[in-house]
Structures are given as C-alpha cells and as structure tokens.
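Let me begin by presenting the structure, written as structure tokens, before commenting on it.
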Amino acid sequence: MAIGTVEFDLSMVDQETGRRLTARAYTVEGITNADGTLRELSIGQLVMALCLDRASKLEVDIIALMEEMNGTSSQLEAMTEIEQTIVDFAASEQSERKYKSLKTLYLTTAPYNGVSYYDFLTDSRYGIGIDFGPNRPEAVWINSEYADVEIKFDDFITQVEAKMDEKNSFSQQKMIELQSLTAKRDQAYDMISNILKSLNTVLVGNANNM
C-alpha cells in the first residue's frame, strides 16, 4: 500500500517567525475521490485505512483456512464411515474366506456421496492417498490367508487410522494458526479504536490550552 504526503499552509502564523504554519495530509493508493483523484486523509483516517487493509487481508486468510479445515473434517467423517462399515462387517463374519470389496461400497458422507471407498482412499483427488501396495488390492479380507493378494483386515484398519491421526494432527495445527490469525485481525480493529481515542485526547488537550 503506497502512502503519500501532502503539505499545505494554514491560515495561522508562527508568532516568532511570522511564517504560516503548515499541516500535512496523507494519500493512500486506492482511496480516491469521486473524480478519481487521491483523497487527502487525516492521520486518523490514515490509521483506519492501514488497519482496515490489514484486517481485510487477515480475514481472507481466515476464510481460506476455515474452508481448508472444513475439508479436513469432511475427510475424517468419510474415513470414519469407511472404518465403521468394515469393522461392522468383520464383527459379523466368522468364516476364513470372507472379504469386502472396496470398489462396490460407496460413501454417503457429503461432499463425497457416491464415491467408492477404494477411490476415496487411493485417488489423490480426494486428498487421502493411502498406498495399499504395488498390487493395488481392492478388497479387505477378514481372517484370510490371501494377504499377498488383498488387504488383511488388521492392516487395512491400521492404515486408515494412521491417516486419520495424521488428519487430526493437521486440524489441531490449523486450529492454532486460525486462533493466531483471528487474534491479529482483532488487534487491527482494536488499534483503530485505541489510536483514534488517543488522537482525540490530544486534540481536546490542545483546544483546552488555546
């Protein structure tokens, strides 16, 4: 934000030198009059412009961070649905050769409604990116000896929970960042009030001394 200064003569004169007293106004890039010329601002208005500019930029960062956190929360909800479905299936099956295909199960959690479990967990578009190995197995086997072909139940749950822990840690870090940004934005607004109050106190004191 480019700041300029404009000096102008006042009607009053210095009693010692006889010269006109001068004052200073400020201009800020982007703040203009109706005709497009830069508007001359008092020191109080300059403070407001600077603080509001900072606050608005922080507000943009806050909104972007909140959207990112909302996206992570949606991912966690979807992974919770997947884990619960597989755990419930495993608890209901006793045979040695039962499996659940990840490509034939579909999420019901927004905004991933209709996305298969397999695509959600492995496709980089959805931000999870679990690597189940070079064979890219597509099914979770319950109590199976075919671990070299598909995914063992325990291994699957371990990988999903590890990714959930990672996402939870990410959310905690972002929450701290969000609190910091919010505090800085609030400080910018508080600074406007505090500085204007101080300026008013000085002006009132000057008027009383005249």
Side-chain angles (χ1 to χ4, degrees), residues 1-79 109-113 115 120 123-129 163-164 166-210:
M1 178 182 288
I3 301 173
T5 59
V6 178
E7 291 191 356
F8 55 91
D9 293 333
L10 299 175
S11 59
M12 300 174 62
V13 297
D14 189 309
Q15 297 299 318
E16 295 181 1
T17 65
R19 294 179 179 177
R20 284 186 178 277
L21 297 177
T22 60
R24 179 177 296 172
Y26 303 88
T27 59
V28 176
E29 183 181 5
I31 301 179
T32 61
N33 296 308
D35 60 2
T37 59
L38 291 175
R39 178 178 297 179
E40 295 182 2
L41 307 174
S42 67
I43 185 63
Q45 291 171 323
L46 176 63
V47 167
M48 290 184 63
L50 293 174
C51 291
L52 288 173
D53 179 68
R54 174 170 172 74
S56 63
K57 289 177 179 177
L58 288 168
E59 198 73 53
V60 171
D61 292 339
I62 288 170
I63 292 172
L65 186 55
M66 291 179 68
E67 290 178 348
E68 187 176 3
M69 292 176 65
N70 286 337
T72 301
S73 295
S74 296
Q75 291 173 336
L76 285 166
E77 289 178 11
M79 283 189 283
T109 301
Y112 306 109
N113 307 65
V115 178
F120 176 76
D123 195 319
S124 60
R125 289 179 300 169
Y126 303 111
I128 307 301
K163 183 60 68 170
M164 292 174 72
E166 177 185 321
K167 293 292 182 180
N168 275 317
S169 296
F170 172 85
S171 292
Q172 291 169 3
Q173 293 171 357
K174 292 300 179 181
M175 179 59 71
I176 294 173
E177 185 178 344
L178 177 62
Q179 291 171 345
S180 176
L181 288 173
T182 302
K184 290 177 181 178
R185 179 203 59 191
D186 293 344
Q187 287 171 359
Y189 289 128
D190 290 341
M191 188 176 294
I192 296 174
S193 176
N194 293 336
I195 292 180
L196 291 181
K197 183 178 179 180
S198 296
L199 288 173
N200 181 66
T201 300
V202 171
L203 292 174
V204 171
N206 289 341
N208 290 335
N209 292 329
M210 291 179 66

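Values in this document were obtained by computation on a predicted structure and should not be read as measured data.
Taken from CG in L46 to OG1 in T27, the straight-line distance is 9.0 Å, to the nearest 0.5 Å. Taking CD from E59 and CG from L52, the interatomic distance works out to 11.5 Å, rounded to the nearest 0.5 Å. Considering CD1 of I192 and CZ of R54, their distance stands at 12.0 Å, rounded to 0.5 Å. Going from atom CG of L65 over to atom NZ of K174 covers 6.0 Å, rounded to the nearest 0.5 Å. To the nearest 0.5 Å, the span separating OG1 on T72 from CE on M164 amounts to 12.5 Å. From T182, atom OG1 reaches atom CG of D61 across 10.5 Å, with rounding to the nearest 0.5 Å.
Pairs passing the side chain to side chain donor-acceptor pair (under 3.5 Å) check and including a residue from residues 186-196, sequence neighbours excluded, do not occur.
Counting heavy-atom neighbours within 6.0 Å of M191 CE, excluding the residue itself, gives a total of 12 or less. Atom CE of M48 sits in a sparse spot, with 12 or fewer heavy atoms from other residues, nucleotides or ligands closer than 6.0 Å.
Scanning both residues, Q75 and G127, for their nearest heavy atoms gives NE2-CA, 3.7 Å. Residues L178 and M69 approach most closely at CD2-SD, 4.0 Å, considering heavy atoms. Counting all heavy atoms, side chain and backbone alike, L38 lies closest to V28 at CD2-O, 3.7 Å. Scanning all heavy atoms of the two residues, the minimum distance from A78 to Y112 falls at CB-CD1, 4.0 Å. Taking both residues in full, the closest heavy atoms of S171 and L76 are given as OG-CD1, 4.4 Å, listed atom of the first, atom of the second, then distance. Looking at every heavy atom in both residues, K167 comes nearest to I128 through CE-CD1, 4.1 Å.
In this structure, F120 and Y126 have tilted ring planes: the angle between them lies in the 30° to 60° band.
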### Query
Taking it one step at a time, do K57 and D53 satisfy salt bridge (charged side-chain N to carboxylate O under 4.0 Å, His left out)?
CA-CA 6 Å; K57 289 177 179 177; D53 179 68; 3.3 Å; yes

### Task
In sequence, state the C-alpha distance, the side-chain angles, and the governing distance for K184 and L58, and then conclude on side chain to side chain contact (heavy atoms under 4.5 Å, CB included).
CA-CA 8 Å; K184 290 177 181 178; L58 288 168; 3.7 Å; yes

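Between the N33 side chain and the D35 main chain, no donor and acceptor come within less than 3.5 Å of each other. Proximity of a side-chain donor or acceptor of S74 to a complementary backbone N or O of N70 within less than 3.5 Å is detected.
Partner of Q45 under the side-chain contact (heavy atoms from CB on, under 4.5 Å) criterion, chosen from L41, V47, I43: L41.
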